[in-house]
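Notes to accompany the following structure.
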Amino acid sequence: MSARSAAWLRLVAAACLVATLAGCVSGPAVAPQRSALAHWSPSPNFNARKAQVIVLHHTSIGDAQAALRVLKTRNSQGEVSAHYLVEMDGRIDQLVDDGDRAWHAGASRWGDMTDLNSSSIGIEIDNDGHSPFTKPQIDALIRLLADLTTRLGIPRTAIVAHGDIAPGRKDDPSVQFPWATLASYGFGLWFDAPLIPAPPGFDSLAAMRLVGYDVSNPRTAIIAFHRHYRAMETDTLDETDASILYSLQRKLMAPR
């Protein structure tokens, strides 16, 4: 055998060894995280991450096909996506894998979380921002929340509005959204009835901060809180607010 042939065989053997070792260290592909309830309709706009909270939006479009096009391309502010879209008839579309980072929250904050895209599942609901949400939508949303919280280990109380995490910048879902209905199925942090008056000296803003609101601008935080818990958008706290926040605070501080 010539020196050139021997060198060639050694090169081939080395290449085969590298390929074999690579095959040994590579594990099985990670299974995609997708809901069996949804129609997979992928968007390319995402990064990888792990979810701790679920953020609800309304599309402001009121046309599911138009919303799907936007969620797969861009809006006036750039590329945008969400993990799910719930259509008016109750159809659920999934655009981004649960394990990936969709682009739906933008500049936002909830408690200690400042990169909500990396720590949340985004659910868009087909609604123009003024009309009531349909019963098929809410029924489908409740099924989807049950699926997500079970599969991904997200606390059932960790369901918030886009307006909650971006007060003053976003207002979705609107005052039409039935948070109390979700609460009746065990989703979202909600107050107990009947309300108990807050004790003297109760600090409502501190309680709002405990819930998760960014109160650096108290006025916009109060509007967001009112939209979620009282279906209105006023900017002054009253005794009813204090009683609601006292109930929420007791729940959050209760031993687990």
Side-chain angles (χ1 to χ4, degrees), residues 50-57 105-123 138 141-142 145-146 148-150 152-256:
K50 171 163 173 45
Q52 303 172 52
V53 65
I54 297 172
V55 180
L56 304 184
H57 308 250
S108 53
R109 184 184 188 96
W110 189 248
D112 294 331
M113 293 181 284
T114 55
D115 181 3
L116 269 294
N117 280 338
S118 293
S119 55
S120 67
I121 292 285
I123 301 177
I138 300 305
L141 177 61
I142 288 168
L145 292 177
L148 290 170
T149 54
T150 300
L152 305 182
I154 299 173
R156 290 168 69 96
T157 55
I159 318 293
V160 299
H162 196 191
D164 292 330
I165 66 173
R169 189 176 69 83
K170 295 295 181 180
D171 61 2
D172 57 310
S174 71
V175 293
Q176 298 280 355
F177 188 74
W179 289 102
T181 299
L182 259 62
S184 70
Y185 287 87
F187 296 109
L189 180 65
W190 200 249
F191 54 88
D192 292 326
L195 289 171
I196 299 172
F202 180 76
D203 189 335
S204 290
L205 282 179
M208 285 180 61
R209 189 182 301 110
L210 178 65
V211 170
Y213 287 96
D214 177 3
V215 297
S216 57
N217 184 329
R219 179 178 178 275
T220 58
I222 291 167
I223 292 172
F225 168 78
H226 278 167
R227 186 185 304 116
H228 188 133
Y229 288 98
R230 299 190 65 183
M232 63 185 192
E233 295 186 309
T234 55
D235 61 1
T236 304
L237 292 171
D238 60 20
E239 291 183 358
T240 300
D241 296 318
S243 295
I244 291 172
L245 286 162
Y246 182 49
S247 175
L248 299 179
Q249 177 178 282
R250 292 200 316 275
K251 285 190 169 187
L252 290 169
M253 299 182 68
R256 298 181 182 181

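- Rounding to the nearest 0.5 angstrom, the gap separating the CG atom in Asp214 from the CD1 atom in Ile165 is 11.5 Å.
- Contact of the Trp190 side chain with the Ile244 side chain is not registered, since no non-hydrogen atoms from C-beta on lie closer than 4.5 Å.
- Pro155 approaches Gln52 most closely through the heavy-atom pair CD-O, 3.9 Å.
- When all heavy atoms of Leu152 and Lys50 are compared, the pair lying nearest together is O-NZ, 4.0 Å.
- Note that OG1 of Thr149 and CZ of Phe187 are 4.5 Å apart. Values are rounded to the nearest 0.5 Å.
- For the salt bridge (charged side-chain N to carboxylate O under 4.0 Å, His left out) test, residues two or more places apart in sequence or in another chain that qualify with Glu233 are Arg227.
- More than 12 heavy atoms of other residues, nucleotides or ligands lie within 6.0 Å of CZ in Phe202, so this atom counts as buried by the packing criterion.
- Within a 6.0 Å radius of CD in Glu239, other residues, nucleotides and ligands contribute 12 heavy atoms or fewer.
- No donor-acceptor distance shorter than 3.5 angstrom exists from the side chain of Thr234 to the backbone of Thr236, with no hydrogens or angles considered.
- For Met253, the CE atom sits in a loose shell: 12 or fewer heavy atoms of surrounding residues, nucleotides or ligands are nearer than 6.0 Å.
- Remark: His57 engages His104, His162, Asp172 in a side-chain hydrogen bond (donor to acceptor under 3.5 Å, both in side chains) (not counting sequence neighbours).
- Between Trp179 and His228, the angle of the ring planes stays under 30°, which puts this pair in the parallel group of the 30/60° scheme.
- Nearest heavy atom pair, residue Asp164 against residue Ala224, reads OD1-O, 3.6 Å.
- Of all heavy-atom pairs between Ser120 and Val55, the closest is CB-CG2, 3.8 Å.
- Contact record, Ser216 with Pro218: O-CD, 3.5 Å, taken as the closest heavy-atom pair.
- The line from CG of Leu245 to OH of Tyr213 is 8.5 Å long, rounded to the nearest 0.5 Å.
- Considering all non-hydrogen atoms of both residues, Leu248 and Phe225 come closest at CD1-CE1, 4.4 Å.
- Under 3.5 Å, the side chains of His226 and Asp241 contain a donor-acceptor pair of N or O atoms.
- Under a 3.5 Å cut-off, the side chain of Arg219 and the backbone N or O of Gly168 do not form any donor-acceptor pair.
- In this structure, CG in Leu205 is found 6.0 Å from CG in Leu237, a value given to the nearest 0.5 Å.
- Note: Ile54 CD1 to Thr157 OG1 = 10.5 Å, rounded to the nearest 0.5 Å.
- Judged by distance alone, the side chain of Ser247 and the main-chain N or O of Ser243 form no donor-acceptor pair under 3.5 Å.
- With rounding to the nearest 0.5 Å, the separation of CG in Leu189 from CG in Leu182 is 12.5 Å.
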